[in-house]
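Report on the following structure.
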Amino acid sequence: RIRAEVPWYAENQVLTTAEVDRNCADNVRYVLGILAGNLVDQDAPRVTGIDRAGRGAPYAAVLQAFRVGGRFIWEVLVERAEPSSRELLLRSAADIWAVSDELASQVTDAYRGALAERARRDGQSRSVLVGTLLDGDGAHAEQLWETADALDLRSGNDFVVVSAQCPTPGVEGLPNIERALRKQNVASAWRLVNDHQDGLVVLRFGFDRAQLKELLVSVAEVRVGMSSPFQRLEEASEARRAARVACIAMAPGSSGVLAYDDDPLAVLLASVPDQAANLARSLLGPALDLAPEDSMLLLETARGWLAERGSTSTAARILHIHRNTVRYRLKRLEELTGLDLADPADTARLQVALESVRILGLG
């Protein structure tokens with residue numbers, strides 16, 4: 001049942017079926033032994049917790065496995081109880097679940113203790129701890145703060161999550177960033193996940209988000225997103241999502257740092273890429289279907305014209321072309337798209353569509 005319901009156990013090749021069977025048997029003896037009032041091996045849950053931490057099992061998977069086991073034991077007891085004993089069994093439910101909860105608590109303590117011990121030496125274990133904070137993993141606030149303690153992230157008033165795109169999968173987008181922050185007496189913890197490097201940074205007095213952004217800008221050669229500051233670790237998973245969205249709100253292939261609240265329109269479009277792509281195609285499809293050079297000229301002229309608040313002369317000077325050329329290209333864009341750039345509503349639609357094109361790298 002654990003292998004069927006908990007993906008990590010089904011997919012993991014390091015932990016054998018025999019080992020899972022043995023751990024299950026030990027922990028079932030622990031639960032039933034306590035219920036029967038017998039002496040039990042108090043180390044059984046701790047052994048399991050330490051073992052799973054050593055194998056890199058996510059905390060959520062470990063906890064889910066014990067919940068599956070506790071539920072299974074209860075179902076078997078109900079199924080096999082004599083009809084005359086079922087009322088007594090129901091009255092004992094609280095005791096049974098209390099023992100299961102105590103088992104899970106001991107496993108959790110052992111798991112976190114083992115990770116905390118290894119985190120100071122083992123980058124992989126540290127990454128698992130960071131993942132507990134950034135992914136949520138169903139952990140309670142107290143458990144999150146314990147994890148932060150293990151990572152030496154307690155000090156400071158506010159947190160910020162940073163997400164940097166990796167130049168290639170598995171390669172840090174911000175090499176040695178933890179060391180650079182440590183030189184500024186700023187605590188942080190980082191992990192690599194597929195094509196992103198995510199980090200939780202503790203802001204302190206004298207080093208706020210603006211100074212963090214300044215440092216990141218000085219080293220960033222990829223797209224980097226930042227969340228808004230927050231104080232409750234329960235908000236870290238949502239902050240990670242915000243940092244990821246801010247990261248992809250910049251044009252593909254560009255570099256720089258964008259905070260989640262720096263460019264609301266870009267962030268909004270980046271959070272709904274499929275809808276943004278549909279919008280761009282519906283408004284600018286004919287222009288995007290031109291030869292790449294012709295399409296680029298029209299779109300860049302429109303961007304320049306919008307940036308200069310509709311001033312043809314200023315846009316022409318900035319773009320180093322004649323103002324009649326600006327007019328001609330804008331007229332051509334109107335003919336292709338059916339937009340009327342004298343209409344403020346159409347101008348707004350064009351602005352949004354151009355942002356979608358930029359963010360998604362459509363042209």
Side-chain angles (χ1 to χ4, degrees), residues 163-168 173 195-196 213 216-218 220-226 244-363:
S163 184
Q165 185 183 38
C166 295
T168 56
D195 57 353
H196 278 83
K213 184 176 181 180
L216 293 172
V217 167
S218 69
E221 297 182 357
V222 294
R223 295 186 290 180
V224 180
M226 293 173 55
R244 288 277 185 95
V245 171
C247 178
I248 63 175
M250 289 176 280
S254 64
S255 63
V257 182
L258 182 70
Y260 185 75
D261 48 4
D262 280 351
D263 191 340
L265 175 59
V267 166
L268 173 64
L269 295 172
S271 66
V272 285
D274 290 341
Q275 292 89 329
N278 289 336
L279 172 68
R281 294 297 312 179
S282 66
L283 287 176
L284 297 176
L288 294 172
D289 291 337
L290 295 174
E293 184 177 350
D294 294 337
S295 177
M296 182 187 68
L297 287 175
L298 291 184
L299 299 186
E300 288 304 311
T301 300
R303 287 191 180 101
W305 180 73
L306 288 169
E308 299 306 324
R309 302 182 180 182
S311 171
T312 302
S313 299
T314 307
R317 186 170 64 253
I318 297 297
L319 295 170
H320 306 291
I321 56 178
H322 195 277
R323 62 178 180 272
N324 287 340
T325 303
V326 174
R327 293 193 185 99
Y328 168 78
R329 291 177 182 172
L330 294 177
K331 184 66 175 176
R332 175 68 172 145
L333 186 62
E334 287 180 318
E335 293 171 351
L336 286 168
T337 62
L339 294 171
D340 178 4
L341 298 186
D343 181 347
D346 275 3
T347 303
R349 293 188 185 98
L350 175 62
Q351 176 71 49
V352 174
L354 287 172
E355 274 293 274
S356 299
V357 168
R358 180 186 67 82
I359 291 167
L360 300 174
L362 299 178

Checklist entry - Under the salt bridge (Lys or Arg N to Asp or Glu O under 4.0 Å) rule, what pairs show up with a residue in residues 320-348, not counting sequence neighbours? => result Asp346-Arg349

Next on the checklist: According to salt bridge (Lys or Arg N to Asp or Glu O under 4.0 Å), does anything in residues 249-275 pair up with another residue at least two apart or in another chain? List the pairs.
Outcome noted: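 Every pair satisfying salt bridge (Lys or Arg N to Asp or Glu O under 4.0 Å) with a residue in residues 249-275: Arg209-Asp261, Lys213-Asp262.
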
Which pair of heavy atoms, one from [X] and one from [Y], lies closest together, and at what distance?
X: Cys247; Y: Ala164; value: SG-C, 4.4 Å
X: Gly225; Y: Ala246; value: CA-CB, 3.9 Å
X: Leu288; Y: Ala280; value: CD1-O, 4.2 Å
X: Val245; Y: Ala270; value: O-CB, 3.7 Å

Rounded distance (nearest 0.5 Å) linking atom [atom1] of [X] with atom [atom2] of [Y]:
X: Leu258; Y: Ser163; atom1: CG; atom2: OG; result: 12.0 Å
X: Trp305; Y: Leu350; atom1: CH2; atom2: CG; result: 7.5 Å
X: Leu269; Y: Leu360; atom1: CG; atom2: CG; result: 8.0 Å
X: Cys166; Y: Arg223; atom1: SG; atom2: CZ; result: 11.5 Å
X: Leu330; Y: Leu341; atom1: CG; atom2: CG; result: 6.0 Å
X: Thr301; Y: Tyr328; atom1: OG1; atom2: OH; result: 11.0 Å

Next on the checklist: Any salt bridge linking Asp195 with Arg244? Criterion: basic side-chain nitrogen under 4.0 Å from a carboxylate oxygen.
Outcome noted: no

For [X], give me all partners under side chain to side chain contact (heavy atoms under 4.5 Å, CB included), at least two apart in sequence or on another chain.
X: Ala353; answer: Leu283, Leu284
X: Asp294; answer: Leu290, Ala291
X: Ala348; answer: none
X: Pro167; answer: Val171, Val222

Next on the checklist: Run the salt bridge (charged side-chain N to carboxylate O under 4.0 Å, His left out) test against Glu308 and tell me which residues pass, sequence neighbours left out.
Outcome noted: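 Here no residue qualifies.
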
Checklist entry - Is there a donor-acceptor pair closer than 3.5 Å between any side-chain N or O of Arg358 and the backbone N or O of Ala249? => result yes

Exercise answer: donor-acceptor pairs, residues 311-320 side-chain atoms, under 3.5 Å, sequence neighbours excluded:
{"from": "Ser311", "atom 1": "OG", "to": "Thr314", "atom 2": "N", "distance (Å)": "3.2"}
{"from": "Ser311", "atom 1": "OG", "to": "Thr314", "atom 2": "OG1", "distance (Å)": "2.8"}

Checklist entry - Heavy-atom count around Gln275 CD within 6.0 Å, excluding the residue itself: above 12? => result yes

Item to check | side chain to side chain donor-acceptor pair (under 3.5 Å) involving Ser356 - partner list, sequence neighbours excluded | outcome: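 Checked Ser356 against side chain to side chain donor-acceptor pair (under 3.5 Å); zero matches.
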
